[in-house]
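Below is one structure; the comments refer to it alone.
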There are 2 protein chains.
Amino acid sequence: MGALDRSLIADMPNFAALGPDEIDFVLSHAKSVRYPKGAVVFEQGAGAENFFVLLHGNLQVAKLTPAGQQVVIRYVVPGDLFGIAVQMGRPHYPATATAVVDSVALVWPAASWAPLLARCPALAAGALQTVGSRLDDAHVRVVEMSTEEVERRVAHTLLRLVKQSGRKVEEGIQISFPITREDVAQMTGTTLHSVSRILSAWEAQGLVEGGRQRIVVRDPHRLFGLAEGRVAAATAQRNPPLDGEGRRAKPGGVV
Amino acid sequence: MGALDRSLIADMPNFAALGPDEIDFVLSHAKSVRYPKGAVVFEQGAGAENFFVLLHGNLQVAKLTPAGQQVVIRYVVPGDLFGIAVQMGRPHYPATATAVVDSVALVWPAASWAPLLARCPALAAGALQTVGSRLDDAHVRVVEMSTEEVERRVAHTLLRLVKQSGRKVEEGIQISFPITREDVAQMTGTTLHSVSRILSAWEAQGLVEGGRQRIVVRDPHRLFGLAEGRVAAATAQRNPPLDGEGRRAKPGGVV
DNA sequence: ATTCTTGTTTGCGGTTCGACAAATAGCCTG
DNA sequence: CAGGCTATTTGTCGAACCGCAAACAAGAAT
């Protein structure tokens, strides 16, 4: 296998502080691996033998409860450091990572972490920041689940997905990887039924556009207003009652 | 102010890897500060000017939503590193820390982190582990809030509190700092009313014993079974119906 | 001791949302 | 192109749980 090119990681926040020699050193421990769509990169509970940086594609990270219910923790996007159980001193992966599209990642053996750190202490700071921002995300999610009703949680989640992996299309901004209503439900702590109803209601209002494993946000601004709770928007649950003329009774104007 | 004694932190996981000289060096940057009950150690949104280790007492860390709702993130116990926004590269504290009893903490200026790290690289590994375990906790909480109903969430939360800060008393194990039903509600994403009802039901079954700002777990084992969902236990909401003889209809035996 | 404040208990009505069910519609495969 | 699998939509029902309200303790302050 040929040597990996510096440009692969030189611009990533996690490695930006390193000099060219250091980058080469770091890359000399890595190999590049392809994961076809559906492939499991690592599994919850398995020994944490590697850590990774995603180059292309998208992964879903999910936790399975003892009762067999799944909760989606996050989606990994290119540039992300992931599978960093070793760095946190954990012997096992706490969740399962699956490729949702064909993906490519750099892979380091867990054992490489110590020597890498010895040569490039700045890596520790980078990892700390990465984990810190994940911690923040997790706390935001806890707060949302504690204080917001389902519709607003879905709105927030959608906005985050769009921000992270939005691809501009003519009708609006589309989440750039396939994602089911069930997935969204597992991110927001609700059921696929509720998500479907909510998206349908939003679609009727021209807020989003749905499709099979596809979500396009047409009006991010209005969706944001909804996420912030400025308007109750659609009742979503139960179809909104029809008014006298048989048209949908629309909620108060969006501010 | 006299020099701080090594024994203060020598046994803490975060500093265990350091030699005596290094510990002295680390301590030379710190000062010890007392926070009376109710004092705010740092406030959400304020500049992250310090980081801390708790020596005595207990702190509550909570986030406030824009709408003014509060969510309790965790309770800090002696030995914990906290307020480590700097380490994660964040300029502001993401939450507010308040002393729930008279407390004492070691305080370092944020600016000391870099020199400390330069001298003792092992500190980075320690911080990484600390943040990692917090991340785990947060994810566990997300999973619980996504998949468990209120009663089980409260059970899990109580067990965690007991594990972290349980003090043995004659009737069982008591949470060693004052905590209100409202606090528990803010940890589980519910209302103080629901918590009160649940605790009352449990008390009627001899599982716990309540008091003003006081919770004693009498039967941790049964509570655990409940948390794991092995039994539906008490209906909790609404008083359970009386059976023919006027006694409480008890649910199936605990496995 | 009396008053005040803060925390707790409990009841009741209403809403949100999950569980169950069944029909419809894309997409892939043979 | 037919068949089959998976994703989505939509309906109905019921229950978990929250909001409001009011009464009740237990400390703290004066």
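Throughout, a chain's letter reflects where its sequence line sits, starting with A, and its residues are numbered from 1. Computed from a predicted model, the values in this text were never measured in an experiment.
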* Could you write nucleotides 20-30 of chain D as a row of B, S and -, 5' to 3', where a protein heavy atom under 4.0 Å of any base atom gives B, of only sugar-phosphate atoms gives S, and otherwise -? -> BB---BB----
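- The pair A:Glu148-A:Arg153 fails the salt-bridge criterion, with no side-chain N (NZ, NE, NH1 or NH2) lying under 4.0 Å from an Asp/Glu carboxylate O.
- Summarising the geometry, the separation between CZ on A:Arg181 and C1' on C:dG26 is reported as 12 Å, rounded to the nearest angstrom.
- Side-chain contact check for B:Gln44 and B:His92: no donor-acceptor pair (N or O, by modelled atom type) lies under 3.5 Å.
- The nearest whole Å value for the distance from the CG atom in A:Leu199 to the P atom in D:dT9 is 7 Å.
- The aromatic rings of A:Tyr93 and A:Phe52 sit tilted, their planes meeting at an angle between 30° and 60°.
- Side-chain atoms of B:Ser165 do not come within 3.5 Å of backbone N or O of B:Val162 as any donor-acceptor pair.
- Rounded to an integer number of Å, the gap from B:Glu182 CD to C:dT9 P is 13 Å.
- Listed candidates were D:dT9, C:dC17, D:dA7. Nearest to the side chain of A:Thr180 is D:dA7.
- Phosphate proximity of D:dC18 to B:Ser194: present, with a side-chain N or O under 4.0 Å from OP1 or OP2.
- Atom pair A:Glu209:CD and D:dT9:C1' shows a separation of 16 Å (rounding to whole Å applied).
- For the pair A:Thr190 and C:dG18, the criterion of a side-chain N or O lying under 4.0 Å from OP1 or OP2 is met.
- Taken from OG in A:Ser194 to CG in A:Leu199, the straight-line distance is 11.0 Å, to the nearest 0.5 Å.
- Under the rule for a salt bridge (Lys or Arg N to Asp or Glu O under 4.0 Å), the partners of A:Glu144 that lie at least two apart in sequence or sit in another chain are A:Arg160.
- Spacing between atom CD of B:Gln213 and atom P of C:dT5 amounts to 17 Å, rounded to whole angstrom units.
- Taking side-chain N and O atoms only, A:Ser196 has no distance below 4.0 Å to OP1 or OP2 of D:dT8.
- Taking only side-chain atoms of A:Thr191, from C-beta outward, the nucleotide of C:dT9, C:dG18, D:dT9 with the closest atom is C:dG18.
- Here the side chain of B:Leu192 is nearest to one of D:dT10, C:dT8, D:dC17, namely C:dT8.
- In this entry the distance linking CD of A:Glu151 with P of C:dC17 reads 9 Å, nearest Å.
- Looking at A:Asp102, its side chain does come within 3.5 Å of a backbone N or O of A:Lys37 through a donor-acceptor pair.
- If you take CD of A:Glu148 and C1' of C:dT16, they are 15 Å apart, rounded to a whole angstrom.
- Rounded to an integer number of Å, the gap from A:Arg214 CZ to D:dT8 C1' is 13 Å.
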